[in-house]
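Heads up, the thing below is written out as structure tokens.
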Amino acid sequence: MEKKYTDFRNNIYQKISGYVPGEQPESNDWIKINTNENPYPPSPSVVRVLQELAKNPSLLRKYPNPNGEPLRSSLANMYNLKPENFIVTNGSDEALSLIVRIFLDQTRTAAAPEITYSLYQTLVMSVGAKYIHAPMKNYTILNVSPEALEESGADVVFLSNPNAQTGEFIPLNILEKLISKSKKLWVIDEAYNDFVDIKPSSFLHILKEHENVIVVRTFSKSHSMAGMRIGYAASVNPVIMQGFLTGKDSYNEDVVSILTGKASLEDGEYLHKVIQSVQLERTRMMTEFLDRNFLVLPSEANFLLIQPPESKKAHDILLKLKEQKILVRHFNSPLLAKYLRISIGTKEENNELLKAIDFIVSS
Ligand SMILES: Cc1ncc(COP(=O)(O)O)c(C=O)c1O
């Protein structure tokens with residue numbers, strides 16, 4: 001048959017399924033704890049920047065700084081690195097996407113834990129690279145095995161730390177020991193890292209000694225700015241950073257995101273308060289679910305992966321919660337089907353959730 005332009009790369013795209021995002025309802029009358037957003041508003045300093053911009057709309061007339069300045073320098077100051085070590089991106093998904101485009105092709109292989117952020121697989125397969133599911137260390141409580149990633153034979157490995165879907169955090173000293181000897185490129189995705197109790201938790205603090213690491217972070221979770229789309233990647237390897245500059249769009253991050261991101265980053269006091277509130281509620285909700293005989297995986301993130309007592313099916317509970325306008329997340333994969341993932345909401349939202357679950361379980 002004659003070739004059509006629509007055949008282009010069909011050999012790749014027919015084999016993969018796109019990332020399935022959590023439901024985003026149109027109205028605001030839902031308790032929405034399905035996509036790990038932050039239940040608290042962004043810093044008041046973000047609002048002040050928006051007000052300033054509203055007074056000077058002419059600021060939108062010009063293109064933004066192509067390197068995300070002044071946010072990039074602000075990040076460098078915060079982590080005692082150089083501005084050239086950072087690339088500011090349109091959400092951390094863009095950073096992940098760039099990494100895949102720049103470092104992978106049909107001759108290369110990437111690995112990630114069997115249970116993790118599913119976008120890694122979609123992105124890797126979209127460029128025709130091979131994707132390896134590294135086995136978990138333990139299938140009862142779904143522990144990640146960093147050793148399995150190292151032994152996977154992949155060129156690039158993705159590690160979400162804390163891990164997406166489970167909340168498990170791998171301490172820096174364990175990772176560092178492995179990575180110092182590794183010949184692979186390690187992508188450490190720290191989307192949930194600000195919620196970790198044990199400090200220091202970010203690989204950025206030890207990045208200087210590791211040229212084979214890219215750290216990826218986001219403002220979507222701890223900074224309550226998922227709607228703004230602000231992320232970044234950091235590396236001390238000049239070849240990697242040159243790759244980012246070559247591969248990125250000319251103006252990949254907008255003025256509003258750059259300026260509000262900087263304001264949020266520099267309001268450490270507010271960030272600390274928000275993180276503490278999430279951590280306190282996380283501890284309380286763990287106890288509440290354990291008291292109700294749920295299995296609760298230990299989490300250092302802003303969500304809990306919970307398994308309802310034997311008699312009740314996770315997906316049924318999700319449907320019944322939905323009838324009460326409460327949205328939680330369920331993954332229909334063999335290892336996760338028994339679980340529900342619940343983002344940590346405000347105290348009031350969490351209480352509503354517990355009330356609804358008590359009603360469902362007792363009826
Ligand atoms: C592990 C992980 N990485 C990255 C992202 C993407 O975040 P962003 O909103 O910065 O694109 C998410 C979103 O949920 C995530 O769970």
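Counting starts at 1 for both ligands and their atoms, in listed order. No experiment lies behind these values; they were computed from the predicted model shown.
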### Task
Report yes if Thr35 has an N/O atom closer than 3.5 Å to an N/O atom of ligand 1; otherwise report no.
no

With heavy atoms of [X] as the reference, note each atom of ligand 1 found under 4.0 Å away.
X	result
Arg229	8 (P), 9 (O), 11 (O)
Lys221	13 (C), 14 (O)
Ser220	8 (P), 9 (O), 10 (O)
Gly91	10 (O), 11 (O)
Asp189	1 (C), 2 (C), 3 (N), 4 (C)

Should the pair [X]-[Y] be classified as a salt bridge under the 4.0 Å nitrogen-to-oxygen rule?
X	Y	answer
Lys32	Glu37	yes
Arg329	Glu23	no
Glu323	Lys320	no

Please tabulate, one pair per line, all N/O donor-acceptor pairs under 3.5 Å involving side-chain atoms of residues 75-85, not counting sequence neighbours.
from	atom 1	to	atom 2	distance (Å)
Asn85	OD1	Lys82	N	2.8
Asn85	ND2	Ser235	O	3.3

Counting the benzene-type ring for Trp, do [X] and [Y] have ring centres under 6.0 Å apart?
X	Y	result
Phe195	Tyr192	no
His205	Phe203	no
Tyr19	Tyr117	yes

### Query
Applying a strict 4.0 Å limit to heavy atoms, is Phe219 in contact with ligand 1?
no

### Task
Determine whether any heavy atom of Ser160 lies closer than 4.0 Å to an atom of ligand 1.
yes

For [atom], find the nearest protein heavy atom and state the residue, atom name and distance (0.1 Å precision).
atom	result
atom 6 (C) of ligand 1	Asp93 OD1, 3.0 Å
atom 16 (O) of ligand 1	Tyr192 OH, 2.7 Å
atom 7 (O) of ligand 1	Ser92 OG, 3.1 Å

### Summary
Sorted by chain and residue number, the ring pair (Phe, Tyr, Trp, His ring centres under 6.0 Å) partners of Phe359 (sequence neighbours excluded) come out as none

